[in-house]
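In this chain, numbering begins with 1 at the start of the sequence shown. Order of listing sets the numbers, starting from 1, for every ligand and every atom in it.
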Amino acid sequence: MRLEEFLEERTTADVSKVLSAVAKSSVRVWEALPIERGVTGGTNPSGDRQAALDLFTNGEFSNSLIATGAVAELASEEEAQPLTGRGALHVAMDPLDGSSNIETNNPLGSIFGIYDSALPCSGERIVASAFVTYGPMVTLTFSTGNGVNRFGLVRKGSNFVFELAAQDLKMPDKPEVYGFGGLRREWIPPVERFVTKLEQLGSKVRYCGTFVGDYNQVLKHGGIFGYPALKGKPRGKLRLLYEAAPMAFITKAAGGYSTDGFVDLLRVEAEELSATTPVYTGSYSITKELERTVSSGSP
Ligand code: AFP
């Protein structure tokens with residue numbers, strides 16, 4: 001089944017326009033991967049150095065999403081101020097997730113949270129979210145709250161189209177794999193203890209340094225991804241609106257759970273557009289157990 005057909009049957013007209021625009025632009029991003037190389041002299045609002053591909057992806061997705069006419073506000077990890085449009089939806093995006101993987105030729109991604117409220121707000125206002133993985137295949141994974149679906153880019157004659165690759169994806173509850181970011185010696189002690197226990201129980205480490213790449217491992221095999229609270233950085237590294245909440249929405253639709261260590265990640269209010277949060281997302285039982293460990297208060 002083609003993406004356009006699926007969206008027409010299963011989503012609202014506005015969400016369908018946004019997801020179609022994401023899909024079309026992701027093909028242009030994929031085509032630009034070998035061309036847009038190198039770094040710029042600039043930094044984004046979080047102080048990260050911007051690669052040429054960061055700017056390209058930001059421009060490409062911004063133009064196509066605003067052109068849908070379905071977007072009222074478009075906030076990007078690469079911009080200090082949101083763009084405005086004449087639609088009703090509020091979109092927060094990380095146009096290029098994992099830019100440090102450009103030079104190492106590891107997977108890259110793009111993440112989109114589609115909200116029905118002005119930003120910043122909590123993930124409870126997400127109506128749909130999506131992420132693209134640029135790996136051995138280009139895939140678009142999304143949820144409108146009712147199941148998680150994946151489409152893969154395939155060649156048909158001289159055209160590329162997205163075709164259904166997997167429907168109603170579920171995260172297995174047995175934790176086969178885990179991936180935690182940051183330096184282990186900087187993790188808060190309950191996270192360190194929890195990961196040691198996971199290893200003793202036989203979970204395998206899987207970490208490539210791109211959230212969507214590491215998340216795909218957890219979605220497929222079951223387990224947990226974390227970018228924890230660090231000793232000197234209690235709010236972690238990942239952005240709540242652009243990265244954490246959209247992926248937590250997908251986790252929930254796949255039967256898993258996400259937390260900031262204390263509460264459901266979808267309930268955390270963003271105080272500013274670039275607010276960060278500790279992220280633990282994965283199979284339901286193990287992620288609940290992590291939450292109990294972190295919130296128990298023992299050092
Ligand atoms: P970059 O886009 O700067 O490479 O950051 C990627 C990211 O936000 C996320 O995709 C990874 O999970 C995380 O950072 C990796 O960070 P560490 O290199 O500190 O583990």
Side-chain angles (χ1 to χ4, degrees), residues 26 29 33 36-58 60-61 75-79 92-113 129-135 139 141 177-188 191-192 195 205-219 223-248 250-251 258-261 265 270 273-282 287 290:
S26 70
V29 167
L33 291 179
E36 299 289 334
R37 313 298 297 178
V39 290
T40 67
T43 55
N44 71 13
S46 304
D48 305 326
R49 280 177 70 198
Q50 284 174 315
L53 206 50
D54 283 315
L55 294 189
F56 177 85
T57 52
N58 185 52
E60 173 60 43
F61 286 118
S76 164
E77 189 186 306
E78 298 302 327
E79 301 282 357
M93 67 172 177
D94 178 358
L96 188 67
D97 175 44
S99 31
S100 60
N101 271 347
I102 298 171
E103 289 312 307
T104 56
N105 193 27
N106 279 1
L108 298 167
S110 303
I111 305 175
F112 303 85
S129 73
F131 68 90
V132 179
T133 310
Y134 313 96
T139 53
T141 307
V177 298
Y178 75 91
F180 273 58
L183 281 175
R184 190 170 185 133
R185 66 167 185 257
E186 289 176 2
W187 295 349
I188 54 171
V191 167
E192 217 283 328
V195 171
V205 65
R206 286 287 182 272
Y207 195 74
C208 74
T210 293
F211 187 8
V212 303
D214 293 316
Y215 182 86
N216 277 324
Q217 294 268 358
V218 172
L219 182 56
I224 182 167
F225 170 86
Y227 202 104
L230 305 176
K231 285 173 189 160
K233 223 175 168 187
R235 297 308 299 159
K237 172 183 180 187
L238 300 189
R239 264 63 51 148
L240 178 56
L241 288 169
Y242 306 126
E243 298 169 293
M247 299 301 270
I250 290 181
T251 297
S258 308
T259 176
D260 69 349
L265 201 43
L273 288 174
S274 55
T276 61
T277 179
V279 175
Y280 313 95
T281 184
T287 310
L290 177 138

(request) Output yes when a side-chain donor or acceptor of E60 lies under 3.5 Å from a complementary backbone atom of F56, and no otherwise. (result) no
(message) Between D54 and N44, is there a side-chain heavy-atom distance shorter than 4.5 Å?
(response) no
(message) Could you measure the distance from the CD1 atom of I111 to the CD atom of E77? Nearest 0.5 Å is fine.
(response) 8.0 Å
(message) Quick one: does any side-chain atom of D214 pair with a main-chain N or O of C208 as donor and acceptor, under 3.5 Å?
(response) yes
(request) Could you name the protein residues that come within less than 4.0 Å of ligand 1, counting only heavy atoms, and order them by chain and residue number? (result) D97, G98, S99, S100, G181, G182, Y207, G209, T210, F211, F225, Y227, K237, L238, E243
(message) Tell me if the aromatic rings of Y215 and F131 count as close, with their centers under 6.0 Å from one another.
(response) yes
(message) Please check: side-chain N/O of N58 versus main-chain N/O of L55, any donor-acceptor pairing under 3.5 Å?
(response) no
